Amino acid sequence: MNHLQGQSSPYLLQHADNPIDWYPWCPEAFALARAQDKPIFLSIGYSSCHWCHVMAQESFQDETIAALLNESFVSIKVDREERPDIDSIYMAVCQAFTGGGGWPTTVFLTPDQKPLFAGTYFPKEGRPGQLGLDQLLVAVRDAWAHDREGLLAPAEQVTALLQRTAPPPRRDSAGKDILSAALADWKASYDPKFGGFGPAPKFPMGHSLLALLSLYEKTQDQGALAMVEHTLEQLFRGGIFDHVGGGFSRYSTDRQFLVPHFEKMLYDNALLMLAYCKAYSLTKKELYREVALRVAAYVLKEMRLSAGGFAASQDADGPRGEGSFYVFHPQEVLRVLGPQAGEKFCQCYHITQQGNFHGASIPNLLGGELPPDRMSQSLAKLYAHRLTREQLSRDDKLLTSWNGLMIAAMAWLYRITGEGLYLQAAEGAWQCLEENNREGSLLLASSREGVKGAQGFLEDYANAAFGLLALHEATGQSGYLDQAKALCQTVFASFSDEDQGGFFLTAKDSEPLLIRPKEVADGALPSGNNMMAYVLQRLAQLTGEPAWQQAAEQQLHFLAPYAAQTPTAFPLYLWAKLTQQHPPAEITLVLEPGEQPPAHPWPFPLDAVVRILPHPTEGFGLVDGKTSYYVCENNSCRPGQVFPRG
């Protein structure tokens with residue numbers, strides 16, 4: 001038994017019965033390391049991470065490895081989803097040492113948190129070209145005892161590098177047309193055959209698709225739309241989409257989106273739902289609406305918590321190994337569906353004897369025309385059968401940041417479908433966050449089963465505000481808008497970098513770490529700084545208040561030189577910039593006396609700024625005595641039209 005007993009994180013609890021004397025990140029662990037003059041062994045991961053499971057099974061349950069760690073190190077486990085601040089710092093350390101990064105992240109530290117060495121996954125024993133964890137532990141142990149000066153030299157260099165406040169990029173580079181440069185870069189990395197961008201592994205990057213869709217919407221660049229449409233269709237066709245149960249996996253290991261890394265993350269599904277909703281609103285192609293609905297069905301069925309919020313992730317590995325939950329053999333399909341329906345399903349979804357993944361088949365629709373009949377009854381039968389084969393574990397932490405994204409996605413889905421189920425889900429998730437992840441005016445990063453996590457990070461406030469703005473636009477309720485403004489005011493009070501602009505990842509009264517991290521570029525998730533650019537720009541347009549306009553301009557000005565260097569690494573900034581350069585239409589909706597606002601979907605773009613008047617006023621009257629709307633662009637309003645019903 002170690003010191004992870006009683007922790008709330010499912011990832012930490014997965015290691016609570018290891019023979020290693022793990023500690024969570026806490027002052028006691030560092031005090032012990034100082035008192036015993038031992039280095040720290042830091043392992044960072046998350047519960048649905050496949051390679052984290054592999055390293056746990058190979059090494060962390062091994063008595064020999066445990067003996068080495070317990071004798072010569074103080075061992076600390078960190079859930080990256082609970083502590084993105086620690087993860088941000090030591091991922092940068094890993095990249096400094098190795099040129100790359102990933103999870104699990106393996107770092108050796110001094111008792112004062114300085115990095116000695118870092119890497120990712122290490123096998124228990126060495127392989128050709130790959131150091132074994134057993135060898136590494138012995139090497140660090142011996143160097144700490146006999147050559148500490150040599151071991152500490154790179155630690156001081158990397159620490160100095162991290163602690164040095166780098167000046168922002170030259171602003172003269174920000175004068176170029178960043179939007180054109182971004183589009184050119186996306187076109188250069190676009191895969192015209194299989195969709196997506198860059199080589200394998202391919203990440204879905206829903207926020208990049210949102211930026212490209214906005215670029216098409218504002219500039220009518222058909223190339224931008226074509227790249228997004230092809231990518232969205234290929235994502236749906238491939239095995240990265242779970243055709244039987246719905247939802248998207250984290251990324252594809254191959255170029256064609258066939259074989260995924262099977263864990264499902266809440267944030268990926270939220271960002272992709274937003275992209276499919278936006279694509280549907282612009283093109284009215286039913287496929288995009290269908291995919292968004294199927295993702296939502298998965299999230300509501302398998303990711304919703306009893307309190308109303310959403311779980312963080314679903315594991316990649318079942319009892320029979322990675323991906324075993326998702327694959328089928330033809331005989332199994334025939335047995336469940338019967339010969340006729342089974343043969344048809346196998347042919348449609350490419351379930352073959354030879355298989356496409358370790359002798360079994362990942363259902364997919366790659367190649368040929370999309371079948372109009374998706375065989376929903378067969379899919380439902382296979383889904384029910386699949387649940388009887390094995391169960392996947394779920395990380396049921398309530399993460400504020402990722403729930404903010406899903407709240408926005410559900411609100412957008414309500415707006416394009418008019419189905420109240422999705423609005424109820426979005427509002428219920430926000431209520432869950434208020435009850436569990438909020439203390440007064442402050443947000444918490446996470447909670448689980450009543451146990452509160454760390455105080456909120458920048459991304460928690462930014463993404464929660466994004467979700468609140470989506471709720472305001474879906475309902476017209478000013479309370480959501482007021483709460484979004486309050487969260488942004490807290491960001492300015494607690495996270496601002498007064499010297500160089502932008503915002504730190506951690507609040508000014510957060511636990512002191514090796515450095516105070518500040519993330520600028522977007523990764524698999526939007527960075528807090530880029531999301532704040534979009535949120536502030538949207539607040540400026542929704543409120544018309546000069547203070548928010550000034551705040552948005554300052555944040556865009558701060559990000560511009562960074563984005564000019566690598567434009568496609570800043571899709572949320574680009575989205576905000578497009579919204580600034582091409583302001584959305586302003587819609588004034590005039591209600592009949594005593595009428596409530598009409599139900600969604602409305603015949604307006606998703607980014608339209610809608611103002612609702614409860615009765616006619618000067619300049620905004622009713623047409624034929626009916627609820628009407630006016631479209632205002634470029635300082636002029638078109639005459640009112642009767643709002644369509646049904």
Side-chain angles (χ1 to χ4, degrees), residues 48 50 53-54 193-196 200-202 204 232-264 268-269 272 287 290-291 293-295 297-299 301-302 314-394:
S48 58
H50 169 66
H53 295 326
V54 173
K193 183 174 183 179
F194 295 112
K202 279 185 177 176
L232 289 176
E233 182 173 325
Q234 288 299 108
L235 283 167
F236 168 67
R237 284 175 173 269
I240 193 173
F241 180 73
D242 179 4
H243 291 271
V244 173
F248 285 94
S249 296
R250 181 166 166 248
Y251 66 84
S252 175
T253 63
D254 56 49
R255 181 182 165 196
Q256 59 179 328
F257 295 114
L258 172 60
V259 179
H261 208 26
F262 287 93
E263 67 260 33
K264 292 179 181 175
D268 281 322
N269 284 284
L272 286 168
L287 174 66
E290 174 195 339
V291 179
L293 287 168
R294 290 182 65 180
V295 175
Y298 157 73
V299 170
K301 196 163 38 182
E302 298 195 30
Q314 196 172 41
D315 212 327
D317 298 352
R320 295 183 292 131
E322 183 188 14
S324 61
F325 180 79
Y326 294 101
V327 296
F328 290 91
H329 293 90
Q331 296 86 343
E332 183 181 19
V333 174
L334 294 172
R335 187 171 66 251
V336 174
L337 300 181
Q340 185 174 354
E343 287 285 357
K344 182 179 178 183
F345 184 90
C346 288
Q347 183 178 8
C348 180
Y349 285 91
H350 303 139
I351 312 297
T352 64
Q353 292 293 343
Q354 65 269 27
N356 52 39
F357 183 74
H358 301 313
S361 295
I362 303 168
N364 69 91
L365 293 170
L366 292 168
E369 295 294 322
L370 274 177
D373 175 15
R374 310 273 199 266
M375 289 173 274
S376 58
Q377 290 185 344
S378 293
L379 290 170
K381 288 181 180 179
L382 286 172
Y383 176 76
H385 166 72
R386 194 173 72 177
L387 292 176
T388 68
R389 296 191 310 188
E390 54 186 290
Q391 294 291 320
L392 295 177
S393 62
R394 184 179 73 167

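Bear in mind the structure is a predicted one, so any value in this text is a computation, not a measurement. Basis for what follows: all heavy atoms, side chains included, without hydrogens, waters or symmetry-related copies.
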Backbone N/O of [Y] and side chain of [X]: donor-acceptor pair under 3.5 Å:
| X | Y | value |
| --- | --- | --- |
| Asn364 | Ile362 | yes |
| Ser249 | Pro260 | no |
| Lys202 | Arg255 | yes |
| Arg237 | Leu366 | no |

- Message: Could you check whether atom CD of Gln377 has more than 12 heavy atoms from other residues, nucleotides or ligands sitting under 6.0 Å from it?
- Response: no
- Glu390 atom CD: more than 12 heavy-atom contacts under 6.0 Å: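 Check passes, neighbour count above 12.
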- Query: Glu332 pairs by salt bridge (Lys or Arg N to Asp or Glu O under 4.0 Å) with which of Lys381, Arg389, Arg386?
  - Reply: Arg389
Could you tell me whether the side chains of [X] and [Y] share a donor-acceptor contact shorter than 3.5 Å?
| X | Y | answer |
| --- | --- | --- |
| Asp315 | His50 | no |
| Glu322 | His261 | yes |
| Glu263 | Tyr251 | no |

- Message: Can you list everything that forms a side chain to side chain donor-acceptor pair (under 3.5 Å) with Thr352? Sequence neighbours excluded, please.
- Response: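 Counting only residues at least two positions away or on another chain, Thr352 forms no side chain to side chain donor-acceptor pair (under 3.5 Å).
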Evaluate the side-chain proximity of [Y] to [X]: yes if any heavy-atom separation is below 4.5 Å, no if none is.
| X | Y | value |
| --- | --- | --- |
| Gln353 | Pro330 | yes |
| Tyr383 | Lys301 | yes |
| Cys348 | Pro371 | yes |

- Are the charged groups of Arg394 and Glu302 less than 4.0 angstrom apart, N to O? no
- Item | Side-chain ion pair, Lys264 and Asp242, N-O less than 4.0 Å |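 Looking at Asp242 together with Lys264, the answer is yes, because their closest N to O distance falls below 4.0 Å.
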- Message: Just verifying a value: how many Å separate Phe248 CZ and Asp268 CG, rounded to the nearest 0.5 Å?
- Response: 10.0 Å
- Item | Of all pairs that satisfy ring pair (Phe, Tyr, Trp, His ring centres under 6.0 Å), the ones with a partner from residues 340-376, not counting sequence neighbours |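 As it turns out, the ring pair (Phe, Tyr, Trp, His ring centres under 6.0 Å) pairs with a partner in residues 340-376, which skip direct neighbours, are His243-Tyr349, Phe262-Phe357, Phe345-Tyr349.
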- Task: Any pair with a residue in residues 333-346 that passes side-chain hydrogen bond (donor to acceptor under 3.5 Å, both in side chains), sequence neighbours left out, goes on the list, sorted by first then second residue, please.
- Result: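 Of all non-adjacent pairs touching residues 333-346, those that pass side-chain hydrogen bond (donor to acceptor under 3.5 Å, both in side chains) are Lys344-Asp373.
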